[in-house]
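Following: one structure in structure tokens, then a few remarks.
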Amino acid sequence: MVYSALLLGALVAVPAFGQTFRRTAACPDLGCVFPPDQTDFIAGQTFDLRIEVQAPVNGSEAYNNGTPDANFSLKIGGQGGDLVDAAQFFGLSDPEVEKYNFTYYEDLFAEDAKAPTPVNVLAKSYRNLQLHNPGTYEVELSYNNGQTTKATWTVVPLADCKKAKNVIFFVGDGMAGSMLSAARLLGHKTINGKYQSKLALDEAPGYGSQMTHSLDSFITDSANSASALFSGKKMTVNGLNAYTDSTGKAYGDPKVETIFEMFRRIEGGQVGIVSKAYIADATPAAVCTHTSQRSQYTAIIEQYLNGVAGNYSWFPWEGVDLLFGGGGENFLPGPGNGNVSQFDRWAEYGYQVGYTKTELEAFDNAQRALAIFTQGNVSTWLDQNVYTDLLDLAVTPQGKRGARDQPGLKDMTLKAIDILHTRAKERNTGFMLMSEAALIDKEMHVLDIDRALGEVLELDDTVRATLKHLEEIGELEETLIVVTADHGHGFDVFGSADTKYLQQQNSDRSKRSAIGTYQNSGLSAYQVPQDVLPTNHTIFPSPQGDGFPVTWDPRYTIAHGWAAIPDHREDFEVNKDHERVPAVKNTTGYFFNPEDNQRGFAMTGNLGTGEGQGVHSLVDVPVYAFGPGHELFRGVMNSPDLAFRVAQALDLGRSSNVTTSYRK
Ligand SMILES: *[C@@H]1O[C@H](CO)[C@@H](O)[C@H](O)[C@H]1NC(C)=O
Ligand SMILES: *[C@@H]1O[C@H](CO)[C@@H](O)[C@H](O)[C@H]1NC(C)=O
Ligand SMILES: *[C@@H]1O[C@H](CO)[C@@H](O)[C@H](O)[C@H]1NC(C)=O
Ligand SMILES: *[C@@H]1O[C@H](CO)[C@@H](O)[C@H](O)[C@H]1NC(C)=O
Ligand SMILES: *[C@@H]1O[C@H](CO)[C@@H](O)[C@H](O)[C@H]1NC(C)=O
Ligand SMILES: *[C@@H]1O[C@H](CO)[C@@H](O)[C@H](O)[C@H]1NC(C)=O
Ligand SMILES: *[C@@H]1O[C@H](CO)[C@@H](O)[C@H](O)[C@H]1NC(C)=O
Ligand SMILES: *[C@@H]1O[C@H](CO)[C@@H](O)[C@H](O)[C@H]1NC(C)=O
Ligand SMILES: *[C@@H]1O[C@H](CO)[C@@H](O)[C@H](O)[C@H]1NC(C)=O
Ligand SMILES: [Zn+2]
């Protein structure tokens with residue numbers, strides 16, 4: 001009797017974490033420690049430490065009628081040695097205790113029943129900390145009469161030499177290896193099985209892969225995956241270099257310093273950001289901003305300029321040296337900005353400000369720069385170079401239709417290198433640039449394969465041009481180039497499609513006969529020499545040189561698909577006069593967009609009907625490296641490893657607190 005009652009009790013008490021409905025990420029017990037167990041640090045990397053003691057009022061984890069234990073303590077020490085009080089260990093006075101509550105749903109049943117679980121919390125934050133000695137540390141939170149939550153942290157060994165002066169970190173957002181295979185097929189020609197030219201990335205001397213999963217879920221978003229790449233810490237969805245604590249607030253969360261910020265603090269190095277997305281988007285923001293909510297665009301723009309403001313700041317961040325991308329809407333005067341134009345404000349801070357490719361190219365290389373070319377995202381490579389009528393629909397930063405004078409990723413990246421290099425040389429330091437091919441992801445989400453692969457090829461072309469340009473300016477031997485993705489999409493190519501035949505069939509089943517697999521997939525028709533193309537095919541002499549398709553609308557296109565789809569129709573043809581919208585919403589969710597791919601066959605979605613686009617996937621993504629330290633980027637890595645390897649190449653680990661005054 002007694003035993004079975006205990007057993008039942010034990011079964012009922014199994015908490016429901018593990019899937020969607022976590023109480024607090026990385027906090028399986030009622031005591032939470034951030035950074036959590038298994039965190040690695042660069043020596044001297046700045047971070048905040050936060051602890052929480054939680055008491056759910058009801059639900060499967062109910063504790064003490066929802067009254068958290070006020071008698072809790074936090075100790076830390078080297079592994080195997082004595083643990084000492086955390087405030088004493090870090091030489092701080094004991095932080096004040098915060099007291100608040102939040103609610104969460106335990107699972108889908110609780111949500112359906114609208115039965116949330118309230119949780120009362122006591123918490124403390126220890127801010128602006130550093131660990132300087134490599135080795136393993138034990139952190140122990142004691143609460144609830146002897147219960148403990150432990151974390152083991154590792155400070156990785158110091159580098160034994162500095163390999164690189166500069167780092168250029170390219171992110172192909174959402175770029176799975178399968179997309180590079182497809183891009184190679186479109187952009188390069190084979191003769192009897194031998195490629196006559198290759199991707200620039202195919203020549204990388206450092207090549208490996210990395211796992212993209214996040215702290216608390218196996219599918220990541222771009223904020224937490226980029227934070228892992230840039231700070232070496234896995235985060236929760238929407239988290240930018242800040243752990244998502246239980247307050248639900250955006251800025252107080254425990255923060256971690258990124259490699260870009262360390263480079264600035266320690267060496268006074270130049271830091272630049274380039275992206276084809278709106279510039280407050282997650283990947284650019286992960287370079288040097290801190291919030292658990294990536295949608296805080298106004299604050300992100302402010303952090304680019306001034307760092308984290310108020311009580312949570314660590315050290316004077318003198319602003320990024322350049323910021324190029326889209327997203328004019330976040331710079332215009334509005335209530336979120338105190339009705340002040342951020343363009344004017346940045347100009348007052350000494351930045352040259354531009355809105356077009358012409359203005360970008362005219363920038364003085366010795367001065368800091370802000371260049372924003374559009375509202376929203378910069379136009380795709382396909383729209384800038386092939387189907388240019390769509391530029392009439394693109395919107396200027398000030399809100400007018402017809403943003404025609406836009407740069408591509410290559411233009412922005414090469415100009416960024418010139419400015420950073422000039423300024424770094426004058427200050428006897430190095431530079432770090434993050435350049436993002438952001439629209440690979442955005443076009444993959446909407447299943448617009450030609451636009452997405454155009455962006456992949458543009459990234460490859462940009463890497464090729466970057467290597468050449470670094471050689472011209474004498475920095476090739478000093479610059480580590482890393483190219484990777486923040487996550488993939490479940491995309492692949494499985495054959496070819498005879499679009500002419502497909503169009504002329506009148507049932508979904510017969511349209512599928514247009515797909516040729518195995519030997520019937522044939523060769524790439526995107527590389528057919530111009531003189532054998534039918535005269536009426538649109539021909540595009542590669543506007544940026546080799547490495548792009550000769551035509552984007554051959555009769556035989558790639559047959560392709562995704563692991564995650566909304567309801568949509570597939571015709572395997574390029575969308576010449578519009579960007580793709582696969583599904584549209586009505587009162588019961590997303591359905592086939594009646595305007596999209598009308599000649600195609602229907603594919604029923606496999607996502608929840610609330611999703612109108614594809615989603616990120618689990619696949620490991622490729623890592624490429626060139627230049628000094630490239631040999632560090634080999635084998636199977638986890639996303640945080642990239643931050644540690646860049647830090648190793650730049651020798652960022654420090655056995656004491658170093659802050660160099662930065663000269664604007
Ligand atoms: C507080 O906790 C410590 C150990 O965690 C214990 O030794 C002490 O008796 C507790 N004090 C009270 C008032 O419960
Ligand atoms: C949560 O906090 C609010 C305000 O501090 C308080 O009124 C409320 O009773 C608390 N809820 C629970 C379940 O303790
Ligand atoms: C917990 O208690 C609240 C009232 O404080 C109630 O609304 C909610 O349904 C309860 N949740 C569960 C999971 O029992
Ligand atoms: C490191 O040094 C800077 C400048 O002296 C100081 O502002 C900062 O608080 C120090 N950080 C730590 C963790 O000691
Ligand atoms: C900083 O802390 C002080 C004292 O705790 C508080 O009054 C102030 O509102 C805080 N400022 C910000 C920006 O959080
Ligand atoms: C900004 O403008 C809006 C609307 O004109 C006004 O309601 C708001 O008070 C202004 N905010 C500031 C900080 O001036
Ligand atoms: C830019 O991309 C984001 C994310 O996909 C999307 O929500 C937004 O609508 C895009 N903006 C424009 C103007 O296309
Ligand atoms: C080519 O297109 C033009 C107009 O688009 C049409 O008049 C002509 O007949 C076409 N020629 C062939 C060979 O299909
Ligand atoms: C939503 O659209 C789909 C496709 O057009 C249609 O089958 C369905 O009945 C619509 N539902 C509602 C509630 O309008
Ligand atoms: Zn992404």
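Atoms within a ligand are numbered from 1 in the order they appear, just like the ligands themselves. Just so you know, residue 1 is the first one in the sequence shown, and it goes up from there.
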Could you go through the side-chain hydrogen bond (donor to acceptor under 3.5 Å, both in side chains) check for K234 and N638 one step at a time?
-> CA-CA 10 Å; K234 297 268 189 189; N638 195 352; 2.8 Å; yes
D173 N/O/S atom closer than 2.8 Å to the Zn ion (ligand 10) = yes
Does the protein put a heavy atom under 4.0 Å from atom 2 (O) of ligand 2?
-> yes
Does the protein put a heavy atom less than 4.0 Å from atom 11 (N) of ligand 2?
-> yes
Distance only, no hydrogens: is a donor on one side chain within 3.5 Å (strictly under) of an acceptor on the other, for E106 and S60?
-> yes
Report yes if the distance between the aromatic ring centroids of F47 and W153 is under 6.0 Å, otherwise no.
-> yes
Heteroatom distance test (Q130, ligand 4): nitrogen or oxygen, under 3.5 angstrom = no
Which option out of N128, L92, L131 puts a heavy atom nearest to atom 13 (C) of ligand 4?
-> N128
Give a yes or no on whether D486 keeps an N, O or S atom under 2.8 Å from the Zn ion (ligand 10).
-> yes
Please confirm if an N, O or S atom belonging to H616, backbone or side chain, lies less than 2.8 Å from the Zn ion (ligand 10).
-> no
Compute both the distance and the angle, then confirm whether K233 meets the cation-pi test with F41: under 6.0 Å from the six-membered ring centre, within 45 degrees of the axis.
-> yes
Among all protein heavy atoms, pick the one closest to atom 7 (O) of ligand 4 and tell me residue, atom and distance.
-> W314 O, 4.2 Å
Establish, yes or no, whether a centroid distance under 6.0 Å links the rings of W317 and H290.
-> no
Determine whether more than 12 heavy atoms belonging to other residues, nucleotides or ligands lie under 6.0 Å from atom NZ of K162.
-> yes
NZ or CZ of R264 within 45° of Y662 ring axis and under 6.0 Å | yes
Would you say atom 5 (O) of ligand 4 touches the protein, meaning some protein heavy atom is under 4.0 Å from it?
-> no
Pair T413-S435, side-chain donor/acceptor within less than 3.5 Å | yes
Indicate, as side chain, backbone, both or neither, the part of T659 found under 4.0 angstrom from ligand 4 when only non-hydrogen atoms are considered.
-> side chain
Exercise: do T67 and N65 side chains pair donor with acceptor under 3.5 Å | no
So the atoms of ligand 2 within less than 4.0 Å of a heavy atom of N120 turn out to be 12 (C), 14 (O)
Do any of the N/O/S atoms of S222, backbone or side chain, fall under 2.8 Å from the Zn ion (ligand 10)?
-> yes
Identify, by atom number and element, the atoms of ligand 2 in contact range of N101, meaning under 4.0 Å from any of its heavy atoms.
-> 1 (C), 2 (O), 3 (C), 8 (C), 10 (C), 11 (N), 12 (C), 14 (O)
Output, in order, the C-alpha distance, side-chain angles, deciding distance and verdict of ring-ring contact (aromatic ring centres under 6.0 Å, His included) for H616 and H445.
-> CA-CA 8 Å; H616 302 170; H445 274 294; 4.9 Å; yes
Starting from atom 14 (O) of ligand 4, which protein heavy atom do you reach first, and at what distance in Å?
-> N657 ND2, 3.2 Å
Tell me, which N, O or S atom in H487 is closest to the Zn ion (ligand 10)?
-> NE2
